[in-house]
Amino acid sequence: MIDTGLLVKNNGSSYVVESFSNGKCFTCKIKGRFRLNNIKTTNPLSVGDVVDFQCEENSENDSVIVKIHQRRNYIVRRSTNLSKEAHIIASNLDNVFLVISLSSPHTSYEFIDRFLVTCEVYKVPVIILLNKIDLVSDEMIEEFVAVYKKAGYQVVLCSATEEKGIDEINKLMEGKISLFSGNSGVGKSSIINAIAPELDLKVGDVSDHHNKGKHTTTFSQMFKLGEKSYLVDTPGIKGFGLIDLEREEVGRYFPDLFKYSKECRFNNCTHTHEPACEVREAVKRGDISTERYESYLKILDNGEDKYR
Ligand SMILES: Nc1nc2c(ncn2[C@@H]2O[C@H](COP(=O)(O)OP(=O)(O)OP(=O)(O)O)[C@@H](O)[C@H]2O)c(=O)[nH]1
Ligand SMILES: [Mg+2]
Ligand SMILES: [Zn+2]
């Protein structure tokens, strides 16, 4: 028979699908080729996908995914610097929590802004979780929060180890599918463990993360929290190649810059050298943070081929 369900785990060669009709999990393979939204992807399916699968009544193995439903949204990163292909991290998300930390490790503004641009491009609502607030001064926190409040983003402060901010995150997740993403070692799994101790996710040793390439979480997995609440833990990401973005387009995905760009003299203004550029005026006045403007310039300069 054919059933429909939610893809909750990607094992590489097989997938785990939770049936909508009976809540059971089925291990599935795929048949044929799937391509959606006209993007080339390294992975045909991702967690969060809604799929039809063929299964035997009494066997939860040997099922076959036969169809993928249209994605409401998805979040991707480019798989390598040379590749034109994208890797889909997850799809059909209500919330993306970008977890960052200002110390051990330090997340750069450029990384954050690349991530935010990706969320804007793919229309995924994003909230910044500033974790490890126990490790930094109030001044550092305030300075950071000011930059992103001004840009129009929600910032939640938390400390997974001291269980601060966890209730607020819990409320934001109610009835939603939420993804946790960010650099390796920022505390994604630790936050999830604070929210749902029963998941008991593996957490890394801080010192391990100074060695490049050390990832504690190695594949994305979706967990059910309540009736309609799910969360996705993902492996840490080092960097982002932005996909399919022309130079003139980048500013559209910085909401704070975009607001002022409507007043620029030229409608294809790149806000770098053009006369009567209202964006640069707003930066001078302090209405746009210099940190954000600098990220914008870096993304422009790097073009679309930069991957870090
Ligand atoms: N001081 C402090 N340490 C924290 C906090 N949150 C997490 N850590 C520590 O940071 C280290 C890494 O945490 P993880 O939860 O494994 O990080 P991750 O983001 O899941 O890492 P990957 O799975 O590799 O992507 C662990 O040693 C945690 O104990 C925090 O709020 N404060
Ligand atoms: Mg992890
Ligand atoms: Zn301009």
Side-chain angles (χ1 to χ4, degrees), residues 47 77 89-90 96-107 111 115 128-137 140-141 156-166 168-169 179-197 199-223 231-239 247-252 254 256-285 287-288 292-293 296-297 300:
V47 294
R77 64 179 171 79
I89 300 173
V96 169
F97 290 108
L98 171 58
V99 183
I100 71 125
S101 55
L102 297 176
S103 172
S104 23
H106 173 83
T107 310
F111 176 86
F115 192 96
I128 300 170
L129 292 190
L130 173 53
N131 190 34
K132 308 203 185 188
I133 53 168
D134 55 299
L135 296 181
V136 293
S137 68
M140 277 177 82
I141 295 170
V156 175
L157 307 182
C158 64
S159 166
T161 45
E162 299 191 350
E163 305 222 349
K164 283 188 189 144
I166 302 302
E168 192 177 351
I169 301 168
L179 173 100
F180 289 76
S181 191
N183 290 147
S184 188
V186 294
K188 298 176 292 296
S189 300
S190 302
I191 293 172
I192 294 172
N193 279 340
I195 292 166
L199 297 179
D200 197 19
L201 298 181
K202 197 164 162 222
V203 162
D205 182 342
V206 176
S207 60
D208 284 350
H209 290 289
H210 297 302
N211 304 324
K212 280 212 169 98
K214 186 87 186 175
H215 294 265
T216 306
T217 305
T218 49
F219 53 83
S220 298
Q221 187 170 1
M222 187 174 243
F223 301 97
L231 63 78
V232 187
D233 187 20
T234 62
I237 41 176
K238 282 219 200 68
R247 263 176 81 82
E248 301 75 36
E249 275 186 316
V250 177
R252 282 234 306 268
F254 277 77
D256 38 348
L257 270 68
F258 186 58
K259 195 167 82 187
Y260 292 98
S261 68
K262 292 168 193 160
E263 310 294 327
C264 293
R265 179 180 300 164
F266 302 108
N267 62 12
N268 60 351
C269 186
T270 60
H271 325 304
T272 51
H273 61 278
E274 297 87 346
C277 170
E278 192 52 31
V279 167
R280 281 188 296 145
E281 289 304 316
V283 175
K284 270 187 218 152
R285 287 196 305 270
D287 292 335
I288 294 173
R292 289 275 293 167
Y293 181 62
Y296 166 74
L297 294 179
L300 271 192

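Just so it is clear, the structure is predicted and the values come from calculations on it, not from any experiment. Read the numbers this way: they start at 1 and go in the same order the structure lists the ligands and their atoms.
With distances taken over non-hydrogen atoms, the option nearest atom 18 (P) of ligand 1 out of K164, K132, K188 is K188.
Results of the side-chain contact (heavy atoms from CB on, under 4.5 Å) test with L129 over V186, I191, I100 single out I191 as the only residue that passes. If you run salt bridge (Lys or Arg N to Asp or Glu O under 4.0 Å) between E278 and each of R285, K262, R265, only R285 comes through.
In terms of polar-atom proximity, L135 is not counted as a contact of ligand 1, lacking any N or O under 3.5 Å from an N or O of the ligand. Considering backbone and side-chain N/O atoms, P235 never comes within less than 3.5 Å of an N/O atom of ligand 1. Taking distance alone, with nitrogen or oxygen atoms compared against 3.5 Å, C158 stays at or beyond that limit from ligand 1. Annotation: D233 places no N or O atom under 3.5 Å from an N or O atom of ligand 1; distance criterion only. When only interatomic distances are considered, the shortest N/O to N/O separation between D134 and ligand 1 falls below 3.5 Å. Considering backbone and side-chain atoms together, A160 places an N or O closer than 3.5 Å to an N or O of ligand 1.
What you find for S159 and N131 is that their closest heavy atoms are CA-OD1, 3.4 Å. Scanning all heavy atoms of the two residues, the minimum distance from G185 to K132 falls at O-NZ, 2.8 Å. Here the closest heavy-atom approach between residue E248 and residue N268 is recorded as CG-O, 4.3 Å.
Side-chain atoms of E274 come within 3.5 Å of backbone N or O of T272 as a donor-acceptor pair. At distances below 3.5 Å, not a single donor-acceptor pair connects side-chain atoms of R292 with backbone N or O atoms of V283. Panel note: side chain T234, backbone F180; a donor-acceptor pair is recorded below 3.5 Å.
Of all protein atoms, those of element N, O or S that lie under 2.8 Å from the Zn ion (ligand 3) number 4.
Close approach of ligand 1 to G236 (heavy-atom distance below 4.0 Å) involves ligand atoms 25 (O). Close approach of ligand 1 to S190 is summarised as follows: ligand atoms under 4.0 Å from at least one heavy atom of the residue are 6 (N), 7 (C), 13 (O), 14 (P), 15 (O), 28 (C).
Note: F254 and Y296 have perpendicular aromatic rings, judged against thresholds of 30 and 60 degrees for the angle between ring planes.
Taking 2.8 Å as the threshold, S189 counts as a candidate ligand of the Mg ion (ligand 2), since one of its N, O or S atoms lies below it.
Residue-level proximity to ligand 1 for N131 is carried by the side chain, the only part with a heavy atom below 4.0 angstrom.
To the nearest 0.5 angstrom, L300 atom CG is 5.0 Å from R247 atom CZ.
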Go through I169 and C158 one step at a time and tell me if the side-chain contact (heavy atoms from CB on, under 4.5 Å) criterion holds.
-> CA-CA 9 Å; I169 301 168; C158 64; 4.1 Å; yes
